[in-house]
Amino acid sequence: MSTTVSFPVPGPRGPKDVTVSYTRVGRGEPLVLLHGIGHHRQAWDPVVDILATEREVIAVDLPGFGASPGLPDGLGYTLPATNAVLGALFEVLALDRPHVAGNSLGGLLALELGREKLVRSVTALSPAGFWTEAERRYAFTVLLTMRAVAQRMPVPLVERLSRTAAGRTALTSTIYARPARRAPEAVVAETLALVGATGFDATLRAGRAVRFTDELSGLPVTVGWGTRDRILVRRQGVRAKQMIPHARLVRLPGCGHCPMNDDPALVARVILDGSR
């Protein structure tokens, strides 16, 4: 059951109220989960129940994605602004330096929260920000194409395709290495989330100049990369390790860009081990 919370966030022209939707389950040290661009918190559903046996899990819809409305005028979709939103969310939810795990955009945001010392550990799965310019352009082209195709598809067609393994492959093989494993209703929901992501374009624009260049000293960091990631190729994981030498770099065999669905047990273990 999702919950919605509103809170003020400082902006250039004074505080602005931001609304965020999230779920909170389990018991233990708090662990915040952050999804990728165009996705929603349900991307984490395959691993939430496993994580909740050892952690209090807070899965967040980022502003402008999922059930969270877009940011108000005066707040941009930049990394500093999103950091401020998440820091304010932690405060209103009484989360004192939680563990954080993120995928893609969420992985980059998790690393940024680590840079700001707002979290106690970071697990980043295929995080953005370790690309060359050519790799960034390729990834953005793939993402824009995915959204354009989804926007042109009538909902009844998406629902019909989702009922077969071949249809789910057609809809989601860009982000999953094992798309047939995704539940039909989940495929429909995430396709509609991609179409309805009001923060998509502004987030992509803000990401054009993004590179992550911090060693994150003094903080446990795990970077996981799927061997079948078709959006952010896995050699970017080697760059992440070079940038953050003390990070644990974990290979996720047979997993795509969103590995939570491809191998839930492995991904959950990587996150739990990284958040001790």
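Remark: Asp17 CG is packed, more than 12 non-hydrogen atoms of other residues, nucleotides or ligands lying under 6.0 Å away. Open room surrounds CZ on Arg27; 12 or fewer heavy atoms of other groups in view lie less than 6.0 Å from it. Residue-environment remark: CD (Glu116) exceeds the threshold of 12 foreign heavy atoms within 6.0 Å. Remark: Asp273 CG is packed, more than 12 non-hydrogen atoms of other residues, nucleotides or ligands lying under 6.0 Å away. Gln151 CD: more than 12 foreign heavy atoms inside a 6.0 Å radius.
Scanning both residues, Leu219 and Val119, for their nearest heavy atoms gives CD1-O, 3.3 Å. Between Leu194 and Phe200 the shortest heavy-atom distance is CD1-CE1, 4.0 Å. Considering all non-hydrogen atoms of both residues, Val9 and Ala88 come closest at CG2-CB, 4.1 Å. Taking both residues in full, the closest heavy atoms of Pro46 and Asn261 are given as CG-CA, 4.0 Å, listed atom of the first, atom of the second, then distance. Annotation for Ala180 and Ala165: closest pair CB-CB, 3.8 Å, computed over non-hydrogen atoms. Shortest non-hydrogen contact noted between Val158 and Leu171 is O-CD1, 3.9 Å.
With Thr227 contributing its side chain and Gly254 its backbone, the two residues share a donor-acceptor pair below 3.5 Å. Looking at Trp225, its side chain does come within 3.5 Å of a backbone N or O of Leu232 through a donor-acceptor pair. In terms of modelled atom types and a separation under 3.5 Å, the side chain of Ser68 and the main chain of Ser21 share a donor-acceptor contact. Counting only distance, with no hydrogens or angles, the side chain of Asn103 and the backbone of Gly36 share no donor-acceptor pair below 3.5 Å. Using modelled atom types, one side-chain atom of Thr82 and one backbone atom of Thr78 make a donor-acceptor pair closer than 3.5 Å. The main-chain N or O of Leu272 is never found under 3.5 Å from a side-chain atom of His99 such that the two would form a donor-acceptor pair. A donor-acceptor pair is defined here as one N or O able to donate and one able to accept, closer than 3.5 Å; no such pair exists between the side chain of Arg97 and the backbone of Leu118. In this structure, His246 contributes its side chain and Leu216 its backbone to a donor-acceptor pair below 3.5 Å.
In the hydrophobic clustering of ILVMFWY residues, with side-chain heavy atoms under 4.5 Å counting as a link, Leu33 and Leu108 come out apart. Taking hydrophobic clusters as Ile, Leu, Val, Met, Phe, Trp and Tyr residues chained together by side-chain heavy-atom distances below 4.5 Å, Val57 does not share a cluster with Val92. Following chains of ILVMFWY side-chain contacts shorter than 4.5 Å, one can reach Leu79 starting from Ile37, so the two form part of one hydrophobic cluster. Val47 and Val122 fall into different hydrophobic clusters, defined by Ile, Leu, Val, Met, Phe, Trp and Tyr side-chain heavy atoms under 4.5 Å apart, directly or through other members. Residues Val149 and Leu143 do not share a hydrophobic cluster, clusters being chains of Ile/Leu/Val/Met/Phe/Trp/Tyr side chains in contact below 4.5 Å.
Looking only at side-chain heavy atoms (C-beta outward), Pro63 and Val85 come within less than 4.5 Å of each other. In this structure, the side chains of Phe130 and Val223 stay at 4.5 Å or more apart for every pair of heavy atoms. You'll find the side chain of Val210 stays beyond 4.5 Å of the side chain of Phe212, heavy atoms only. Contact annotation: the side chain of Leu86 never approaches that of Val100 to less than 4.5 Å [non-hydrogen atoms, C-beta and beyond]. Side-chain contact check for Met260 versus Leu125: some heavy-atom pair is nearer than 4.5 Å. For the pair Asp214/Glu112, no side-chain contact is recorded, criterion being any heavy-atom separation below 4.5 Å from C-beta on. A heavy-atom distance below 4.5 Å is found between the side chains of Val221 and Leu111.
When only modelled atom types and interatomic distance are considered, Thr23 and Ser2 share no side-chain donor-acceptor pair under 3.5 Å. One side chain, Arg248 or Thr222, offers a donor N or O that lies under 3.5 Å from an acceptor on the other. Checked by atom type, the side-chain pair Arg24/Thr3 shows no donor-acceptor distance below 3.5 Å.
Using the six-membered ring where Trp is involved, His35 and Phe65 have ring planes that are perpendicular, over 60° apart on the 30 and 60° scheme.
Evaluation of the salt bridge (Lys or Arg N to Asp or Glu O under 4.0 Å) test over residues 189-198, restricted to residues two or more places apart or in two chains, returns Arg182-Glu190.
Salt bridge present: Arg41 and Asp61 bring a charged side-chain N and a carboxylate O closer than 4.0 Å. Using a 4.0 Å cut-off between charged nitrogen and carboxylate oxygen, Asp201 and Arg147 count as a salt-bridge pair. At a threshold of 4.0 Å, the pair Arg211-Glu133 counts as salt-bridged, since one of the basic side-chain nitrogens sits closer than that to a carboxylate oxygen.
Among Glu54, Arg55, Arg120, the single residue meeting the side chain to side chain donor-acceptor pair (under 3.5 Å) criterion with Ser275 is Arg55.
Note that the CG atom of Leu62 and the NE2 atom of His39 stand 12.0 Å from one another [nearest 0.5 Å]. One finds the CZ atom of Phe90 at 10.0 Å from the CZ atom of Phe7 (value rounded to the nearest 0.5 Å). Rounding to the nearest 0.5 Å gives a distance of 9.5 Å between CZ of Arg269 and CG of Leu51. Note that the CD1 atom of Ile175 and the CZ atom of Arg230 stand 11.0 Å from one another [nearest 0.5 Å]. In this structure, CZ on Arg228 lies 13.0 Å from CG on Leu252, to the nearest 0.5 angstrom. Atom CD of Gln242 and atom CG of Leu249 lie 10.0 Å apart (nearest 0.5 Å).
Every side chain to side chain contact (heavy atoms under 4.5 Å, CB included) that Thr164 has, sequence neighbours left out, goes to Ala166. Applying the side chain to side chain contact (heavy atoms under 4.5 Å, CB included) test to Glu185 and every residue at least two apart in sequence or in another chain returns Ala183.
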(request) Would you please test Leu113 and Val32 for side-chain contact (heavy atoms from CB on, under 4.5 Å) and show each step? (result) CA-CA 11 Å; Leu113 290 166; Val32 174; over 6 Å; no

(request) Check step by step if side-chain contact (heavy atoms from CB on, under 4.5 Å) holds for Leu161 and Leu157. (result) CA-CA 6 Å; Leu161 287 170; Leu157 175 59; 4.0 Å; yes

(message) Run Ile271 and Trp44 through side-chain contact (heavy atoms from CB on, under 4.5 Å) and show every step you take.
(response) CA-CA 12 Å; Ile271 293 172; Trp44 295 98; 3.8 Å; yes

